[in-house]
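The block underneath contains the structure these notes are about, expressed in structure tokens.
Labels below follow one simple rule: chain letters A, B, ... track the order of the sequence lines, proteins then strands, and each chain is numbered from 1.
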Number of protein chains: 2
Amino acid sequence: MLLSKSCEYGLRAALHLASVAPGTYVPIRDVSTALGIPYHFLAKIAQAMIQQKILASTRGPHGGVRLARAADQITLNAIVLALDGPAIFEECVLGLPGCGTQQPCPLHDQWAPARERVRAMFVETTLDELATRIQTQGFRLADLTSTP
Amino acid sequence: MLLSKSCEYGLRAALHLASVAPGTYVPIRDVSTALGIPYHFLAKIAQAMIQQKILASTRGPHGGVRLARAADQITLNAIVLALDGPAIFEECVLGLPGCGTQQPCPLHDQWAPARERVRAMFVETTLDELATRIQTQGFRLADLTSTP
DNA sequence: TTGATTTAAGATAAACGAGTCTTAAATTGA
DNA sequence: TCAATTTAAGACTCGTTTATCTTAAATCAA
Ligand code: SF4
Ligand code: SF4
């Protein structure tokens, strides 16, 4: 698994917020239900995203979470960095420490560009772009095979 | 982490065998020492690789493990499949089940080719190629910063 | 045959990630 | 003010991965 469960859930939640009701507060419970993500787990992930300024929140009735910035100002990379850190884009595919061109492992020439391509995907994609696709083309953010 | 620790260790062990003494049995203890991999853990990984016909072994003095085939007949992909299974090349980046072009998630168009490139790296690279690089260019398979 | 060497196998333990639960604090509206 | 709602925070449980330990079985050489 490339990303941790926390990160997958965080990305899906952010995409949901970007696509359903930009700018309005949505209760974490609603997001949890819509996406099939365990509520308490998502609440903890949301806390981290709030501390990292990806999301903003208010408590009480009509409270919830929303994107902290416009959806076209938030890249997938920002969310991945906030939840999983930079390690996945710096790690050696063989798990060797001290990754870098100084001390390369024999797979470096193939791995470094492949890894960079994955990184570019996250860096160059904004929530806005994907939210548009979800709205106009009906792409999914949840498991459609279970209890619709 | 893309690959499990077991898979990283298995790849490094196989590369070590391909580069130091092709065709001869090397005790797991020696591999463990050379690469800095916990002995008992590596022994268990070696067992799995033997059952998957990646390695062959004999017991007793002068025993050990060696590659089951010529190094140019073993791809990195064979080892990854044996130890981690095909999941990493089939999974959705958002963790959604039922990956496929029928039910795509909004990241599919970017993720599928990036994932395919990583897979191609494993499929197209043989132990032999990397062993040559290790021998001729001195690439590393171990953590050079600890107890040399 | 005997003893040293080495893999085979499985039990056990530690570390981590994933998920659950409880309580507190803030906000809103009646 | 009071009760309902919702996030905030942290303790707790569970399962998998990672790692260690123990014993058995095979092989070889003296
Ligand atoms: S060599 Fe390439 S893959 Fe190996 S550690 Fe350095 S950068 Fe990472
Ligand atoms: S859409 Fe693309 S990424 Fe998402 S599940 Fe299907 S193949 Fe995987």
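For the pair B:Ile28 CD1 and D:dA26 C1', the interatomic distance rounds to 14 Å; values are reported in whole Å. Atom NZ in A:Lys5 sits about 16 Å away from atom C1' in C:dC16, given to the nearest Å. As rounded to whole Å, 12 Å separates atom P of D:dT20 from atom CG of B:Leu42. Going from atom CZ of A:Arg66 over to atom C1' of D:dT7 covers 15 Å, rounded to whole Å. Between the C1' atom of C:dT20 and the CZ atom of A:Arg29 lies a distance of 12 Å, rounded to the nearest Å. Per the geometry, CE belonging to B:Met49 stands 13 Å off P belonging to C:dA8, to the nearest Å. Nucleotide C:dC16 holds its P atom 17 Å from the CE atom of A:Met1, rounded to whole Å. Rounded to whole angstrom, the span from the CD atom of A:Gln47 across to the C1' atom of C:dA24 amounts to 12 Å.
For B:Gln51, no side-chain nitrogen or oxygen approaches OP1 or OP2 of C:dA8 to under 4.0 Å. In this model, the phosphate group of C:dT6 is not approached by any side-chain N or O of B:Tyr39 to a distance below 4.0 Å at OP1 or OP2. Taking side-chain N and O atoms only, A:Ser57 has a distance below 4.0 Å to OP1 or OP2 of D:dA8.
Side chain of B:Glu129 to backbone of B:Thr126: a donor-acceptor contact under 3.5 angstrom is found.
Nearest-nucleotide positions on DNA chain C place B:Gly60 closer to the 5' end than the other of B:Gly60 and A:Gly60.
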Would you tabulate the side-chain donor-acceptor contacts of residues 15-27 of chain B under 3.5 Å, counting partners in other chains and residues two or more places apart, or write 'none'?
| from | atom 1 | to | atom 2 | distance (Å) |
| --- | --- | --- | --- | --- |
| B:Ser19 | OG | B:Leu15 | O | 3.0 |
| B:Ser19 | OG | B:His16 | O | 3.2 |
| B:Thr24 | OG1 | B:Ala21 | O | 3.1 |
| B:Tyr25 | OH | B:Arg66 | NE | 3.2 |
| B:Tyr25 | OH | B:Arg66 | NH2 | 3.3 |

Anything under 3.5 Å between a donor and an acceptor, one on a side chain of residues 45-60 of chain A, the other on a protein residue two or more places apart or in another chain? List them.
none

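Listed candidates were C:dG19, C:dA4, D:dA4. Nearest to the side chain of B:Pro61 is C:dA4. Distances were taken from every side-chain heavy atom of A:Ile50 (C-beta onward) to each of D:dA8, D:dT18, D:dC28; the shortest belongs to D:dA8. Taking the side chain of B:His62 as heavy atoms from C-beta on, and the options D:dA4, D:dT18, D:dC28, the nearest nucleotide is D:dC28. Closest to the B:Phe41 side chain, of the nucleotides C:dG19, D:dA19, C:dT7, is D:dA19.
Counting distance only, with no hydrogens placed and no angle test, the side-chain atoms of A:Arg59 and the base atoms of C:dT27 include no donor-acceptor pair under 3.5 Å.
The aromatic rings of A:Phe122 and A:Phe89 sit tilted, their planes meeting at an angle between 30° and 60°.
Using a 4.0 Å heavy-atom criterion, one finds that A:Tyr25 contacts no nucleic acid atom at all. Within the nucleic acid shown, A:His40 comes within 4.0 Å of at least one base atom, counting heavy atoms only.
Between B:Gln137 and B:Thr132 there is no side-chain heavy-atom pair separated by less than 4.5 Å.
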